[in-house]
Amino acid sequence: MKRLDRDQMAARVARDIPEGSYVNLGIGLPTKVADHLPRNREIFLQSENGLLGMGPAPALGEEDPELINAGKQPVTLLSGGCYFHHADSFAMMRGGHIDICVLGAFQVSVNGDLANWHTGEPDAIPAVGGAMDLAIGARQTFVMMELLTRRGQSKLVETCTYPLTGLACVSRVYTDLGIFSVGGGGASVVELVEGVSLDDLRQMTGLSLGRCGVAYTS
Amino acid sequence: MKRLDRDQMAARVARDIPEGSYVNLGIGLPTKVADHLPRNREIFLQSENGLLGMGPAPALGEEDPELINAGKQPVTLLSGGCYFHHADSFAMMRGGHIDICVLGAFQVSVNGDLANWHTGEPDAIPAVGGAMDLAIGARQTFVMMELLTRRGQSKLVETCTYPLTGLACVSRVYTDLGIFSVGGGGASVVELVEGVSLDDLRQMTGLSLGRCGVAYTS
Amino acid sequence: MIDKAAVSAEVAVADISDGASVMIGGFGTAGMPDELIDALIRRDVGDLTIINNNAGNGETGVAALIAAGRVRKIICSFPRQSDSHHFDARYRAGEIELELVPQGNLAARIHAAGAGLGAIFTPTGFGTLLAQGKETRRIDGRDHVLEYPIHADFALIKASKGDRWGNLVYRKTARNFGPIMAMAARTTIAQVSELVPLGSLDPEVVVTPGIFVQRVVEITPGAAIADLDAATA
Amino acid sequence: MIDKAAVSAEVAVADISDGASVMIGGFGTAGMPDELIDALIRRDVGDLTIINNNAGNGETGVAALIAAGRVRKIICSFPRQSDSHHFDARYRAGEIELELVPQGNLAARIHAAGAGLGAIFTPTGFGTLLAQGKETRRIDGRDHVLEYPIHADFALIKASKGDRWGNLVYRKTARNFGPIMAMAARTTIAQVSELVPLGSLDPEVVVTPGIFVQRVVEITPGAAIADLDAATA
């Protein structure tokens, strides 16, 4: 079965981000979305450690240890960007000023619950960072993840079994095998990946998925 | 009976403000204290409309309508001063960062309750400004007022009859006829004005005033 | 390309409609966005709820808005002043509702709205008339009042410089409520004395990041009269 | 004359004693006041409660403090990282207590302390493990958790420039928690890369007004090694 690779997934998410959006890209996979935002679209990337108007990674040798993103990687600032402190940064988030937040996930439930911070294993050292603030703060929270675990279990679930990050906060789930809308009564397939049918997705997830569209991801 | 005039009162308050203090001077009479702070003592005046390091009034013709104090009078900024927004300004106050606040009053009670914002008359249009924040925010709140009303009634009282600004917030009351400490179980005379006896003050106020010192205000 | 610059004050306020809640920056006249208010007055909208520190000074700004009969309610800390006669008259006539809020609580409630908090326990006002009927709680030995955020549909503020992304810097004490009102309103409209090219504001000194600002309109000081002439021509 | 400049990091931290609560600025290594932490390590104090976003990276800063066994409890949002081995080992050995706080709640609680609020209702964390046992309330259709301010005895922060009154400006994302920690601690100690004469910081661009800062110590970048040599000589 054909799956989208990580760059294809990132490109697909990027397509849904309109010009002028204020966007926070979570650590890990979502960071890739930045590479696929079209250059001719002005989109404002926020990093919760205190910058807005985040630019691409600096050239080798140009790194500044005091100019980093939430993943602690060196970044740059676009002309027109600015710096602020942590309380202001999370005010942007919690106050509903960020239009779109893209996060990774362990699980997302059909009603939009998100689990992405803790495996729940008793000996794991928990670390939450800004995940809970991001999940519930943005006007729209997108999740970007592979649909299945390595063992083939669906990460889109009826009810999350991992500890929750936020309740009913996710609106859309971008996966390597299809795009889903969640919340508001259940999950639907918004877009199919070529070669994957609605029945395939129903079987893989074990969910009675509705269908909102007939589009195929290219 | 000899009374301190307003400049003498202001000078007396100024004497009790140590170097390095962060001070907010309320609108009206307390504003005068600034004129009596010794030049060789660095004291930081805050104005709640967003400046720290307030300097004296500008020279005639040098007024800037965007550089004003809480009383909306033109002021100047000392070298080393700075500007900030209203939430930060009142965070300074409410967060206990201001050492001393000097306010005028209609009444102060022996336990330190303050009434200085509203006469309580039914047809008066109420206006509170920053009075309530200032009263309870500073580490020490000083009141500066004439002891008696024009009709000869004491403004230092057992219980305030005017609507309160704050509860148990005043520590010291500077008047034209004596200096009082209030709160913590009652009022005491801290300093007498020359020619006014403790008995005079007891008679004028109708309060069983204690006595903490024998000093005279000069 | 994102360009938040509006061509005129009229255009900038064109979607403010009857019954809107409007935060207006300024402390006294410092930071008062007079030209935006004038443009609002020229629109035929009423029943407004105004959030400002004062209730108008003299004949301009908020005072002019009140005089024009557009204000149903005002939320402020210090309405009564020597030159607040327009408010005084309307208030005494029962034509305007007043919610009086201690200045620091006003700032904190506006800030809480911008920061997405549901409510705050503040010590200011405890035991006073202004806390009557409000929930209170003793926390860590200090009495507090529960206060709710103040949101608004619009904020009209005045800054010194702005760029097309909405980044703002202010001048001296004209800063006052501008930065927090920008955070608390759904649509923030800033009049700036100078619209500067993107990138000319130092990223370290931007006071209001563009994310909090939806529209910027350049009002060169002194140009107000010409603007008014054009509008009435 | 008020001069908040301390002659050395040693002198600046000399009154931090056993059991103190200490906020430490920095997000990862950006804004971490390494030299102040080193000076604290050289003092023989333990049982500290540390408030920082992380629980140490690599071998320096908060990690070194933990490695030296000085930390009883840490309040942070993101302890586990690829290079947090010192924390991991102590935590697994039960030698260090962890209070895990979502990063935005951490910032809001520190800010609330600085601003003198008694508590805040925040939506973050509702319905999660991190809100277990906490008071909740539905306000305006949204669920919230009641969170209390985080105060501290000391804050150690790093800024770019400072003056003798304690005014500070920061550099890029090294700003992070510095400004709000400065507000929330009883004694704030700032290491600055450059101590500048009073009046050289533009009053419009000061990020942390001196009122929030009790001590400033100049640590010229690159001078740390010389400083350490002097201290151990």
Side-chain angles (χ1 to χ4, degrees), chain C residues 31 102 104-126 131 134-151 159-161 167-176 178-180 183 201-209, chain D residues 31 102 104-126 131 134-151 159-161 167-176 178-180 183 201-209:
Chain C
N105 282 358
L106 185 64
R109 291 173 63 189
I110 293 169
H111 184 263
L117 300 177
I120 54 174
F121 277 108
T122 164
T124 300
F126 178 84
K134 296 188 173 180
E135 180 176 340
T136 62
R137 191 180 295 199
R138 194 167 185 86
I139 300 169
D140 211 11
R142 197 178 197 193
D143 291 306
H144 294 81
V145 183
L146 186 67
E147 294 282 0
Y148 293 91
I150 300 175
H151 294 269
S160 164
K161 293 179 189 179
N167 294 306
L168 303 178
V169 297
Y170 301 82
R171 188 170 171 277
K172 304 189 177 181
T173 57
R175 186 183 305 195
N176 58 69
I180 55 173
M183 296 171 68
L201 297 175
D202 179 348
E204 300 282 7
V205 314
V206 167
V207 173
T208 295
Chain D
N105 282 357
L106 185 64
R109 291 173 62 188
I110 292 168
H111 184 263
L117 299 178
I120 53 175
F121 278 106
T122 164
T124 300
F126 178 83
K134 296 188 174 181
E135 180 177 340
T136 62
R137 188 180 297 198
R138 194 168 186 84
I139 300 169
D140 210 12
R142 198 178 195 191
D143 291 307
H144 294 81
V145 183
L146 187 67
E147 294 282 359
Y148 293 91
I150 300 175
H151 293 268
S160 163
K161 294 180 188 177
N167 294 306
L168 303 178
V169 296
Y170 301 83
R171 190 172 169 276
K172 302 187 177 181
T173 58
R175 186 184 304 197
N176 57 68
I180 54 173
M183 295 170 70
L201 297 175
D202 179 349
E204 300 282 6
V205 313
V206 166
V207 173
T208 295

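Chain identifiers are assigned alphabetically (A, B, ...) following the order of the sequence lines, protein sequences preceding nucleic acid strands; residue numbering begins at 1 within each chain.
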Discussion item. Please identify, among C:Asp143, C:Val205, C:Asp140, C:Val169, the residue contributing the most non-hydrogen atom pairs under 4.5 Å to chain D.
Written reply: C:Val205

Fill in: Pairs flagged by salt bridge (charged side-chain N to carboxylate O under 4.0 Å, His left out) wherever residues 110-124 of chain C is involved - sequence neighbours left out
none

Worksheet entry | Atom pair CG (C:Asp202) and CG (D:Asp202), whose distance is rounded to the nearest 0.5 Å | 10.0 Å

Practice prompt. Please flag which part of D:Arg137 lies under 4.5 Å from any non-hydrogen atom of chain C: side chain, backbone, both or neither.
Written response: side chain

Residues 107-124 of chain C side chain polar contacts: donor-acceptor under 3.5 Å, at least two apart:
from     : atom 1 : to       : atom 2 : distance (Å)
C:Arg109 : NE     : C:Tyr148 : O      : 2.6
C:Arg109 : NH1    : C:Glu99  : OE2    : 3.4
C:Thr122 : OG1    : C:Asn105 : OD1    : 2.9
C:Thr122 : OG1    : C:Thr124 : N      : 3.2
C:Thr124 : OG1    : B:Asp133 : OD1    : 3.1

